[in-house]
*Asks:* 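My questions will all concern the structure given below.
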Amino acid sequence: MGSLFRSEEMALCQLFLQSEAAYACVSELGELGLVQFRDLNPDVNAFQRKFVSEVRRCDEMERKLRYLEKEIKKDEIPMLDTGENPEAPQPREMIDLEATFEKLENELREVNHNAEALKRNFLELTELKHILRKTQVFFDETEQQMGTAVASQMADPNREDEQVTLLGEEGLRAGGQALKLGYSARLLMWGSKILKKSESKFEPEKQEGGLHPTESMTRALISDDSIARQVNAGPVQLGFVAGVILRERIPAFERMLWRACRGNVFLRQAEIETPLEDPSTGDQVHKSVFIIFFQGDQLKSRVRKICEGFRATLYPCPEAPSQRREMAMGVMTRIEDLNTVLGQTQDHRHRVLVAAAKNIKNWFIKVVKIKAIYHTLNLFNLDVTQKCLIAECWVPLLDIETIQLALRRGTERSGSSVPPILNRMDTFEDPPTYNRTNKFTSAFQNLVDAYGIASYREINPTPYTIISFPFLFAVMFGDLGHGCLMFLFAAFLVLREKPLAAKKTDNEVWNIFFAGRYIILLMGLFSMYTGFIYNDIFSKSINLFGSHWHTNYNESTVMENKDLQINPSLSSDYDQVPYPVGLDPVWQLALNKIVFLNAYKMKISIIIGVLHMLSGVSLSLYNYRYFKDRLSIYCDFIPQVIFLTFLFFYMVLLMFIKWVSYGPQNDFPDSPACAPSILITFINMVLFKDAVALDNCNTVYMFAGQGALQKFLVIVALLCVPIMLLAKPIYIMRQQKDKHVQLVNGHATTENGDAEGAGRVVQQPPPPAGGHDENEIGELFIHQGIHTIEYVLGSVSHTASYLRLWALSLAHAQLSEVLWSMVMTKGLILNSWIGGVWLWFVFGFWAILTVGILVLMEGLSAFLHTLRLHWVEFQSKFYKGLGYAFAPFSFEVILNTASTAVEE
């Protein structure tokens, strides 16, 4: 058999490489991807191997490349991917790569550091600019409001309440002398009104007796007496601080100032309209400007600590307007200079990243290859001279010459004069399983491998799965319209596979669909075929060849009667010739359509299931013959085939006999009314029970001698059970017993039979312990018992399991019909132009439900059921799946794995 039907023959080889040529040879083998190396240093720590320093250097280069890649993605610079696959550079080129990466990283880090410092200075100057603007607005508003308040008081002396609020009771007596207070005092007296009004926000309810426990916290900054004293003493000296804080911290900041300073500060804040960029993270943040007035060094210290706790930034702000204007002009000049320097810095950074983006993909490939080579070299052994590396590897037997050619190319590249040596070794180890695949068969091979990797040289189910899997799926999914949608989607993926494969995406669902595009293509194609057989397209039928059923009723009879029958025994009603292909379209209109399709699809499911299981049992014969296991052929295969054929295949034959023997034109006892039930016949057959014939029917049997034949078949099938259970263990037990007797009684004599030779006894090895033999025989009996019970009971349950073909097919057809009748027909009730618009919307809704429910959900359900039928019902008859996969050293696999890890 070819390699498609069995895994490749593998050989364990020993490879001798010169130290100077080892790197180049392993590089060539990595490009080839046909060699699986074994670890000859399993007890050596990973940090104590010969090439650990080179691996660390590669890790460092990977770190630098990831840093460059992160910076390139941050600037949204496209990375050039030409699809090239550069060869692994020579060890001497590794130093140049390290120097290049080191230079790029240092230059980029320096640029980033300088840019961050410039952005921080720019942020500080921008915040200072907003502080100078906002504080000027604060001071201007204060002067204007204070002037307005004093002018209104002089014009209307009776407004005592407002004067009390602004100047206090003593201020009324002082009169106009209050205007002589300093600027800060006027500001504070104006702010005292605001402070007193805001007390209600923070003041809890008073306790009994009218006294408040925190009365001192709501005391005004300057009492009435102090104002009077200040009039005589001179200007009040108030201090203030200005700064910037995050906008979301303002409420908590204001509450903390009020509580910590006992209400003896005045806070004004204004939002900065434009968001500012955080130089550390690059995020946009919203901030607000604030100014706090206070009196005394103690309050000043407390305010600064609160600002520090809330991470507010304080800036110097002159009190004089002229000084603020002068500082603002200087700030604007510095901002313009910083903008120029920042632009030049960003341009330089962009140029560095653009230059790196052109080569970063190739650099990644080179570094990954270098690291993979040194990691593989760590699996080798050094000979005693320290000049030769020794490796052991599994290779496909057919590719040994190709591998030797690759080794020669590596030796020539390295300039070594000593050729490598590849010797084949004898071993009793189980080789890895290697099945060659292409883009078409790989998806089907993955389905099989998901159940278990085939044992070495075990027959491969994939070639048979390529046909049986989409066919069984189509039996459940059979619809010409739905299959066409699936086929067109898969055809798009197949025709556009190269550009779609180049667009690598981390969308897991899309990757699953794309990887299984050929499975979907065949599933859609086979579903179109079964849909054509079922004559079902979106729950409707197509009349290609004309119905072979006719109605002879007049129009009035048809219109007045809901239920009418057509007699298949009459030539006027039925042509007595079946529809050429598939089902007659008249069944789409019949009321007993479900009853007819129910019987038809149920029998078809059993027929397909029994044939599928028989093919699986037959494949086990190829395994037994290949491994020369004649005992299993006689004790397992033959009884299994007899058991399955004499019971279940006989039931399939009864279905065909029933279809042929009982026709609508036959009279009793061959009339369809006398046709026995297949299920009842099978049950009576197993129970050795005779059924009672119906009226006008001579017998319950379909042919002469059926009763005796059925008893014979059941007896023979039941006799196969003890053969499967006991024959193999008893034979092995007797064989071991005979060997044991030969070892005990065997004597060696000389060829001429002389006395000397006759008297000399050859020492025989002692026989194995009896307990060990008994344990092995006991385990064999248990294993064979489990295998027999599983097969006998499984034959019944697996046959019933194939009824899922009938159940899902019927459910899919009925769901499609319900969707048409409940959705699509609603769009056909209107006849005017409005009906066309309404039909357009209804069709869109129906199409969405069709694709989402009938194609995707029902398709996934049918796929899972088909997978179960192959794994359990089919592969369990011959497939062990106890092997391990061939994992060659391949740059292609390593690069794909690395790219997937980076995307995640």
*Asks:* When you compare the side chain of Pro89 with that of Met94, does any pair of heavy atoms fall below 4.5 Å?
*Replies:* no
*Asks:* Check this for me: does any side-chain nitrogen of one of Arg63 and Glu60 sit under 4.0 Å from a carboxylate oxygen of the other?
*Replies:* yes
*Asks:* Decide if atom CG of Asp297 counts as having more than 12 heavy atoms of other residues, nucleotides or ligands within a radius under 6.0 Å.
*Replies:* no
*Asks:* Answer whether the closest heavy-atom distance between the side chains of Leu895 and Ile365 falls below 4.5 Å.
*Replies:* yes
*Asks:* Taking the six-membered ring for Trp and the single ring otherwise, decide whether the centroids of Phe266 and Phe294 are under 6.0 Å apart.
*Replies:* no
*Asks:* Could you walk me through whether Glu273 and Lys134 satisfy the salt bridge (charged side-chain N to carboxylate O under 4.0 Å, His left out) test, starting with their C-alpha distance in whole Å, then the side-chain angles of each, then the deciding distance to 0.1 Å, before giving a yes or no?
*Replies:* CA-CA 11 Å; Glu273 293 79 6; Lys134 299 297 181 182; 3.2 Å; yes
*Asks:* Quick check against the 3.5 Å criterion: does Arg247 have a side-chain atom that pairs as donor or acceptor with the backbone of His286?
*Replies:* no
*Asks:* If we ignore angles and hydrogens, is there a donor and acceptor under 3.5 Å between the side chains of Glu271 and His130?
*Replies:* no
*Asks:* Answer whether the closest heavy-atom distance between the side chains of Leu128 and Glu124 falls below 4.5 Å.
*Replies:* no
*Asks:* So with a 6.0 Å cut-off around CZ of Phe310, is the heavy-atom count from everything else above 12?
*Replies:* yes
*Asks:* Hey, does Ser280 have a side-chain heavy atom less than 4.5 Å from the side chain of Arg120?
*Replies:* yes
*Asks:* Take Asn85 and Lys369, measure what side-chain hydrogen bond (donor to acceptor under 3.5 Å, both in side chains) needs, and give me the verdict at the end.
*Replies:* CA-CA 10 Å; Asn85 187 17; Lys369 287 186 176 182; 2.9 Å; yes
*Asks:* Not counting sequence neighbours, which residues clear side-chain contact (heavy atoms from CB on, under 4.5 Å) with Ala46? List them please.
*Replies:* none
*Asks:* With salt bridge (charged side-chain N to carboxylate O under 4.0 Å, His left out) as the criterion, how do Glu69 and Lys73 come out once you've worked through the C-alpha distance, each side chain's angles and the decisive distance to 0.1 Å?
*Replies:* CA-CA 6 Å; Glu69 185 182 31; Lys73 289 181 178 179; 3.7 Å; yes
*Asks:* Within 45° of the axis and under 6.0 Å from the centre of the six-membered ring of Phe514, does NZ or CZ of Arg517 qualify?
*Replies:* yes
*Asks:* Please determine if Arg109 forms a cation-pi arrangement with Tyr67, meaning its NZ or CZ atom is less than 6.0 Å from the six-membered ring centre and no more than 45° off the ring axis.
*Replies:* yes
